[in-house]
Amino acid sequence: MAFPGGFREYMAVKRRKLEVQGQEIAATGSQSSVLTGLTLYFNGYTGSSDLTMIQFKELVLVHGALVRDKLEPDVTHIIATQMTDSKMRNLRKPVVKPEWLLDSIKRQNLLPWLTYRLYTDIAPSQQTLGSFFSGGTSQSGDQPSSTSTHGGENELITSAEGNLEKQILGTASEKAQVEHVQIEEEAIADEGEGEVESDESESEDVRTRQGADTESEWVKANTCTAPGFLQKFFASSRLHHLSTWKGELRDFVYRQGPRRRMNATTYSKRIIVHVDMDCYFASVALRDRPHLQSSPVVVAHSLGLAGRSTSDVASCNYVARSHGLRNGMSLGRAREICKDLHVLPYEFEKYEACTKALYNVLLRQGDEVEAVSCDEAYVDVTSSIKESGQEIQLAENLRREIFEVTGGCAARSAITCIGPNKLLARMATTRAKPNGVFQVKQEEALQFMEGQLVRDLPGVGWVLADKAAKRNIKTCKELAVLSLPRLQADFGPKTGSMLYNACRGIDMRPLENTPRQSVGAEVNWGIRFTTQDQVEQFIRELSQEINKRMKLASVGGKLLTVKAKKKRYVGEPQKVLGCGDCDNLSKSWNAQNGINSWETIFRESYRLLCELQIEATDIRGVGIHVSKLCSDSLSLPGHPVREQSFLNFEGAAPDAQERNNPPPHKMEDHRKTLDEQKTTLSEYGINPEEIDLDVLKELPEEIQADLLPYLKARESHHRPFQINARAGCSSSSSSISKPNGGQQFDPSYLLPTASQVDPEVMKALPDEIRQDLEKAIGMRRGMAARSISGMRNVPRRGKIHGNKVSPNKGQVQLQSRRQSITCKSIPVPPPSPSLGGQSDFGSVRCMLEDWVSTRLPPTDDDVNAFLRYLESLIDEMELERLETLLKWFFCRVGVESSVINSKGKGNAEWSKVAEMLTTHVNEMVMKKYGCQMKGLGGSQR
DNA sequence: ATCCTCCCCTAC
DNA sequence: TAAGGTAGGGGAGGAT
Ligand SMILES: Nc1ccn([C@H]2C[C@H](O)[C@@H](COP(=O)(O)OP(=O)(O)OP(=O)(O)O)O2)c(=O)n1
Ligand SMILES: [Mg+2]
Ligand SMILES: [Mg+2]
């Protein structure tokens, strides 16, 4: 088989498309979702005078059901008015009268199909719902499958009818949606029975799959060496989707610019709303499967019925959470905890549509928006609140509007929290869930924070929480006892400052709205190489992927970084095809001339990876990142970095134009990195640290627009939660110049000087905090920072508390991180450009000098090598060297020609070479840069 | 001091 | 069986 599983994949995609179409039809016209989750096949239904077959199909479609033209594996029910016994037995699906659907639609309530069975006398002893439910097959007369570990579910037969109905339909819809798993189960059931004849529904899917159903075959088809792996992986990866969406949202919000011209607002007057959808993926799933609302539900790949599944739970609803389930948990564990769990498939298109709707509301309502994720954002609503007391009302309106635009159900889960800063709004979220609003006012902040766990602070994960716990600190109250210098000594200046402020409810960070600074792609699943060639090929594909993403974002870059994971265990990790416990290595390369082709990315990435010296068989993850970004040279000069989002939002903000057409004096910057662009401020004779806002206001509009990004960058850079100078921007002393009269800001002490603090803010702070602050400000210079830990993180010792990558029990610790000297090494390709293994330009010239000096006719191989070298010079934009070399070559050949001329031979050969080189170089330069080399055309012909 | 490289951590 | 991606803040230690 040329492409194992290829047909299956093709069919799955095709079916999914059909399904989407069906749902779109259902979404138009008068409709309901009462039949959602059903996938129907009409067979033996003859229609009637008042309702033709076609009309009937349309009817059920607009009420949420899916209709198949063939008895495909995902069909949940067959609709028929007549059918022979034997046929019905072979169909192996519930056969139900059309009245079931009509009545259900009429009552707007999905009735139990059991009472509408076509014949009630068929194999009555086996016609049990229990077997239907737990057997992993849709056949009515089935025995519970041996794969079912949940025999207890048969008890459902005795449940109340309504509940039972929900369970059944839930199961049906699981099967309907997770196509390949559905097929898998049918295959298992077939083996167990060894009986039933195939009809058309036993499609090629099953046969194809069965043919490839050895364990190694599956693994082979799903590791990185399989054709199409990257595409398939990214298309299926929830985390990839999450990251991609976030990037697009950020970019979109950035392009919108501030929604409203704000009156300068002071910190203490801000009203920040944090909006976060309740169990997002699960909510969207439940919106279209209302009958499952009160059942425990998770979204995951795979049904996890076979064994202890290592598939991740992306999102679980609150019913499931009450059983102890959590996002990110393995499905196997989830199923152990919660026996009657409903597993629903990912529906990325739906999440995307929902997100779009959500953000349209937020962007319309907010003064400013910071995109956090596809289901979450900070919204500054300060200007919407005219007087205090309106906050809750505003939040409820926001919630209602989100509810409406997201199609009802997903929005039922909007959580809105109000606080004077991001931290408090974010912390309040937990109190607002599920489905509510919660407000924390400034004066309540300290008390509110006191009761919080350090672990629950945003920015505190397992590692930090553990570090704090080692000092016997678990709550914010306990954390607040430690002095700022103490925290900074223990956790570093920024982190210490963040902790100091966060546990007091202080967070001065503005809403972030900046363009991206790096582009990357990585894969840490399914990575199993056997040969170095496979590694090379994979890097080639990943490089093309990076190139694609850079083009999409219209950026170039100058720093290339390769990341790799090297396994630290023997055998296989717990997570199927996962990376397991690894050493993480990285190496980067500075491209002076920018990175401008996927070949460059590939060549250098591969070289870097080789330099990391990991055996192909030990690699468990690979990533490529490009940073030090600059605007794409292909895009308009001065064009801001932007992405071609495929999220289409409503009309652009009024000032979007302004951002996309920067004033002409910035045009020449387009090749500079974002960082370097800072230096261009000197064009205005302004030190970026010393922009006075009052002065700024007086500047011409376009210059203001230009300065804005620098201000933003300055505001948000390196200021974790701490009070910063921005607080004073609207007050009379509105200069944001550096403290200490232009002296260097001491980065070890992130507390502001007294003069930096907005007096208004100081006043607004609770007494304790204010005193604490004043004290800290007063003594900031005298503090000697002594570290408790005092040492650098020892690389990879002991367990890291990530949820993701956990070490395997009983795995043997291998050798240390970097390759030991004695080990056999991975061959490292020479850096490009190189000739005969030499990459140093001087060496290359010497070599060429020798070559030309031989006076022998040049061999094809040598000429080709030389040409390839010139080509790589072009690729790397080493145009000066290219010119130097060519000029030298012509000069040299000319000399040799005259010398050799007298001997008769050689001249023609070298001249031909020179001519050929000229042609090719010109061609390549033209192709890459769209113009000819200066002074090259003239030297020939 | 500040920059650079190679990490680690966090969040969704 | 299953899809553990990514951007960005930040720290340690060496080079400058
Ligand atoms: N480990 C995780 C965490 C989240 N997500 C996805 C699924 C979530 O639905 C979505 C949003 O993440 P949230 O942290 O907001 O979680 P939920 O929205 O699911 O739940 P909550 O109600 O706590 O916000 O991101 C994921 O795939 N894996
Ligand atoms: Mg959420
Ligand atoms: Mg969220």
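As the structure is a computational prediction, the values presented were derived from the model and not from experiment. Residue numbers begin at 1 in each chain, while the letters A, B, ... track the order of the sequences.
- When the side-chain nitrogen and oxygen atoms of Ser302(A) are compared with OP1 and OP2 of dA2(C), one or more of them lie within a distance under 4.0 Å.
- At the heavy-atom level, Gly578(A) lies under 4.0 Å from base atoms of the strands shown.
- Closest approach to the Asn590(A) side chain among dC4(B), dA3(C), dC9(B) is made by dC4(B) (side chain taken as heavy atoms from C-beta onward).
- The side chain of Leu559(A) lies closest to dT5(B), out of dT5(B), dC6(B), dA7(C).
- Checking dG11(C), dA3(C), dG5(C) against every side-chain atom of Phe234(A), the shortest atom distance belongs to dG5(C).
- Residue Asp312(A) places its side chain closer to dA3(C) than to any other of dC12(B), dG9(C), dA3(C).
- Counting any heavy atom pair closer than 4.0 Å across all strands shown, Ser373(A) reaches sugar-phosphate atoms only and no base atom.
- Note on Ile527(A): nothing from the nucleic acid sits closer than 4.0 angstrom, heavy atoms only.
- Counting to the nearest Å, the P atom of dG11(C) and the CD atom of Gln488(A) are 9 Å from each other.
- Between dG8(C), dG10(C), dC4(B), one nucleotide has an atom nearer to the side chain of Gln517(A) than all others, and that is dG8(C).
- Going from atom CG of Leu542(A) over to atom C1' of dT6(C) covers 12 Å, rounded to whole Å.
- Set against dA3(C), dC7(B), dC9(B), the side chain of Leu585(A) has dC7(B) as its closest nucleotide.
- A salt bridge links Asp312(A) with Arg238(A): the closest approach of a Lys/Arg side-chain nitrogen to an acidic carboxylate oxygen falls below 4.0 angstrom.
- Side chains of Trp589(A) and Arg607(A) form a contact here, defined as non-hydrogen atoms less than 4.5 Å apart.
- Heavy-atom distances to DNA chain C give each of Gly520(A) and Val576(A) a nearest nucleotide, and the one nearer the 5′ end belongs to Val576(A).
- Using a 4.0 Å heavy-atom distance criterion, Phe229(A) is classed as making no nucleic acid contact.
- Looking only at side-chain heavy atoms (C-beta outward), Val523(A) and Val622(A) stay at 4.5 Å or farther from each other.
- Contact check on Lys422(A) versus Glu512(A) returns no salt bridge, with no Lys/Arg side-chain nitrogen under 4.0 Å from an Asp/Glu carboxylate oxygen.
- Between Phe529(A) and Phe538(A), the ring-plane angle classifies as perpendicular under the 30° and 60° cut-offs.
- Considering only side-chain N and O atoms, His625(A) lies nowhere under 4.0 angstrom from the phosphate OP1 or OP2 of dT6(C).
- Phosphate contact (OP1/OP2 of dG5(C), side-chain N/O of Asn524(A), threshold under 4.0 Å): present.
- You'll find that the side chain of Lys587(A) is closest to dC6(B), out of dG11(C), dG5(C), dC6(B).
- Checked against dG9(C), dG5(C), dC6(B), the side chain of Leu242(A) finds its nearest nucleotide in dG5(C).
- Distance from the side chain of Arg250(A) is smallest for dG8(C) among the nucleotides dC6(B), dG5(C), dG8(C).
- Contact annotation: Thr495(A) side-chain N/O to dG9(C) OP1/OP2 distance is not under 4.0 Å.
- Within the 4.0 Å cut-off from OP1 or OP2 of dT6(C), at least one side-chain nitrogen or oxygen of Arg549(A) is found.
- Rounded to whole Å, atom C1' of dG8(C) lies 12 Å from atom CD of Glu370(A).
- Residue Lys575(A) places at least one side-chain N or O under 4.0 Å from the OP1 or OP2 atom of dA3(C).
- One finds no side-chain N or O of Arg238(A) lying less than 4.0 angstrom from the OP1 or OP2 phosphate oxygen of dT6(C).
- Atoms OH (Tyr351(A)) and P (dC12(B)) sit 17 Å apart, rounded to a whole Å.
- At whole-Å resolution of the value, CG in Leu629(A) and P in dG8(C) are 8 Å apart.
- Residues Leu249(A) and Ser373(A) approach most closely at CD1-O, 3.7 Å, considering heavy atoms.
- Nucleotides of DNA chain C nearest to Gly496(A) and His241(A) differ in position, and the one nearer the 5' end is that of His241(A).
- Note on Asn584(A): a side-chain N or O is less than 4.0 Å away from OP1 or OP2 of dC8(B).
- Note on Ala235(A): nothing from the nucleic acid sits closer than 4.0 angstrom, heavy atoms only.
- Between dC4(B) and Ser588(A), no contact under 4.0 Å exists linking OP1 or OP2 to a side-chain N or O.
- For dT6(C), neither phosphate oxygen OP1 nor OP2 lies less than 4.0 angstrom from any side-chain nitrogen or oxygen of Lys246(A).
- Heavy atoms of Ser309(A) sit under 4.0 angstrom from primed sugar atoms or phosphate atoms, though from no base atom.
- One finds a side-chain N or O of Thr310(A) lying less than 4.0 angstrom from the OP1 or OP2 phosphate oxygen of dA2(C).
- With Phe348(A) as the fixed residue, the ring pair (Phe, Tyr, Trp, His ring centres under 6.0 Å) test singles out one of His301(A), His240(A), His241(A): His241(A).
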